[in-house]
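Keep in mind it's a predicted model, so treat the numbers as computed, not measured.
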Amino acid sequence: MKKNILLIGGSKGIGLEIVKELSSKHNVYVASRSDDNLSDYDVTYFKFDALKDDVSELDLPETLDGFVYCPGSINLKPFKMMKPETFEEDFQLNFMSLVKTTHGVLSKLKNSEQASLVYFSTVAVQTGMPFHTSVAAAKGAIEGFARSLAAEYAPSFRVNVVAPSLVNSQLASKLLGSDKKKEKMDERHPLKRVGEPTDIGKIASFLLSEDSSWITGQVLGVDGGMGSLNVS
Ligand SMILES: NC(=O)c1ccc[n+]([C@@H]2O[C@H](COP(=O)([O-])OP(=O)(O)OC[C@H]3O[C@@H](n4cnc5c(N)ncnc54)[C@H](OP(=O)(O)O)[C@@H]3O)[C@@H](O)[C@H]2O)c1
């Protein structure tokens, strides 16, 4: 059965991979600031800034079966150099706008037989990593929120979180911007490569599908072994 799936951010990176996976099978709605990469796909696009705009004003269908929140940040610095404003900005984009957009579509999700919500965290929540204080704090909030929401809305909604390690998208371009940097990052992972957006997009698409209908309240590490193995 065709589902109605809303992606906040689907124009690049992991979200675009979800578009590639799902747009030929389902009604996919993309709300992001740009539509640069979407012309080849059958999606309904809304120009939308999650930091400013109200999702309830979008012309969405009455029922949403899937909801994905993609916007995120990677601000890595020693804590003493990390300004409190950076924590606030990261919290707004990663967490508060996720809460606001989820809240804004609740009634549409409730109209689904069983809606599936997918959020993104990071491996750096469960595994302490230097310089990750801000992003780990903001993404940690998502993990707690998602588990609680999953409990509150079971069995009506399923809510799951994907926690990637470094993925080769525009967001990570500063960390992977040269062959040397990429090789170093590949080497750090037990599976000897950083992630590609498709590694994460396929898992998110699985979580939106009925194949995952008995999975809720989970944080799935999709991280080349980074979060659970020590092979050095
Ligand atoms: N890449 C990694 O290494 C990595 C690692 C761990 C976790 N993650 C998490 O995975 C998620 C996806 O990451 P990604 O690598 O795919 O990031 P990305 O390449 O930066 O893509 C983010 C998507 O969100 C949209 N977006 C950003 N800000 C927005 C805003 N204010 N309003 C509406 N849409 C906005 C972007 O579209 P527009 O620019 O067109 O608005 C884009 O479609 C993020 O939450 C990130 O924190 C990524």
>> Tell me whether the rings of Y119 and F67 are parallel (<30°), tilted (30 to 60°) or perpendicular (>60°).
In response: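 Rings of Y119 and F67: perpendicular, as their planes differ by over 60°.
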> Going by the angle between their ring planes, with limits at 30° and 60°, are F91 and F95 parallel, tilted or perpendicular?
Replying inline: tilted
Hphob cluster co-occupancy, [X] + [Y], side-chain heavy atoms under 4.5 angstrom:
X: L109; Y: L60; value: yes
X: L220; Y: I14; value: yes
X: I142; Y: F87; value: no
X: V68; Y: Y41; value: yes
X: L229; Y: V125; value: no

Taking the side chain as C-beta and beyond, is there a heavy-atom pair between [X] and [Y] under 4.5 Å?
X: I215; Y: F206; answer: yes
X: V30; Y: F48; answer: no
X: M129; Y: L76; answer: no
X: R188; Y: V194; answer: no

Nearest 0.5 Å, what's the [atom1]-[atom2] distance between [X] and [Y]?
X: Y153; Y: K110; atom1: OH; atom2: NZ; value: 4.5 Å
X: L16; Y: E21; atom1: CG; atom2: CD; value: 11.0 Å
X: E196; Y: S169; atom1: CD; atom2: OG; value: 9.5 Å
X: L207; Y: S205; atom1: CG; atom2: OG; value: 9.0 Å
X: S23; Y: Y29; atom1: OG; atom2: OH; value: 13.0 Å
X: I18; Y: H26; atom1: CD1; atom2: NE2; value: 12.0 Å

Show the nearest heavy-atom pair for residues [X] and [Y], with the distance to one decimal.
X: P71; Y: K139; result: O-NZ, 4.3 Å
X: L208; Y: L22; result: CD1-CD1, 3.6 Å
X: F131; Y: M82; result: O-CE, 3.9 Å
X: G15; Y: L7; result: O-CD1, 3.6 Å
X: L175; Y: M185; result: O-CG, 4.1 Å
X: S134; Y: D90; result: OG-OD2, 2.6 Å

Does atom [atom1] ([X]) have a neighbourhood of more than 12 heavy atoms from anything else shown, all under 6.0 Å?
X: K192; atom1: NZ; value: yes
X: K2; atom1: NZ; value: yes
X: E113; atom1: CD; value: no

>> What verdict does the salt bridge (Lys or Arg N to Asp or Glu O under 4.0 Å) test give for E17 and K202, after you've listed the backbone C-alpha separation in whole Å, the side-chain angles of each residue and the deciding distance to 0.1 Å?
In response: CA-CA 8 Å; E17 291 302 317; K202 280 188 192 301; over 6 Å; no
For the pair [X] (side chain) and [Y] (backbone), establish whether a donor and an acceptor sit closer than 3.5 Å, ignoring hydrogens and angles.
X: D49; Y: R33; answer: no
X: T102; Y: L98; answer: yes
X: D42; Y: S24; answer: no
X: H132; Y: P130; answer: yes
X: S212; Y: S209; answer: yes
X: S112; Y: T63; answer: no
X: D223; Y: P164; answer: no
X: Q114; Y: R158; answer: no
X: D65; Y: N4; answer: yes
X: K100; Y: D54; answer: no

>> Would K83 and E89 count as a salt bridge (Lys or Arg N to Asp or Glu O under 4.0 Å) here? Give the steps.
In response: CA-CA 10 Å; K83 292 187 180 135; E89 284 163 18; over 6 Å; no
> Under 3.5 Å, is there a donor-acceptor pair between the T44 and N27 side chains?
Replying inline: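 The criterion, which ignores hydrogens and geometry beyond distance, is not satisfied for N27 and T44.
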> Taking atom types as modelled, is there a side-chain donor on H189 or S165 under 3.5 Å from an acceptor on the other?
Replying inline: yes
> Should Y45 and S11 be marked as a side chain to side chain contact (heavy atoms under 4.5 Å, CB included) after you check the CA-CA gap, both sets of side-chain angles, and the distance that decides it?
Replying inline: CA-CA 9 Å; Y45 172 73; S11 57; 5.7 Å; no
> Which is it for K182 and N168 under the side chain to side chain contact (heavy atoms under 4.5 Å, CB included) test, yes or no, and what are the steps along the way?
Replying inline: CA-CA 9 Å; K182 178 150 182 313; N168 191 8; 3.9 Å; yes
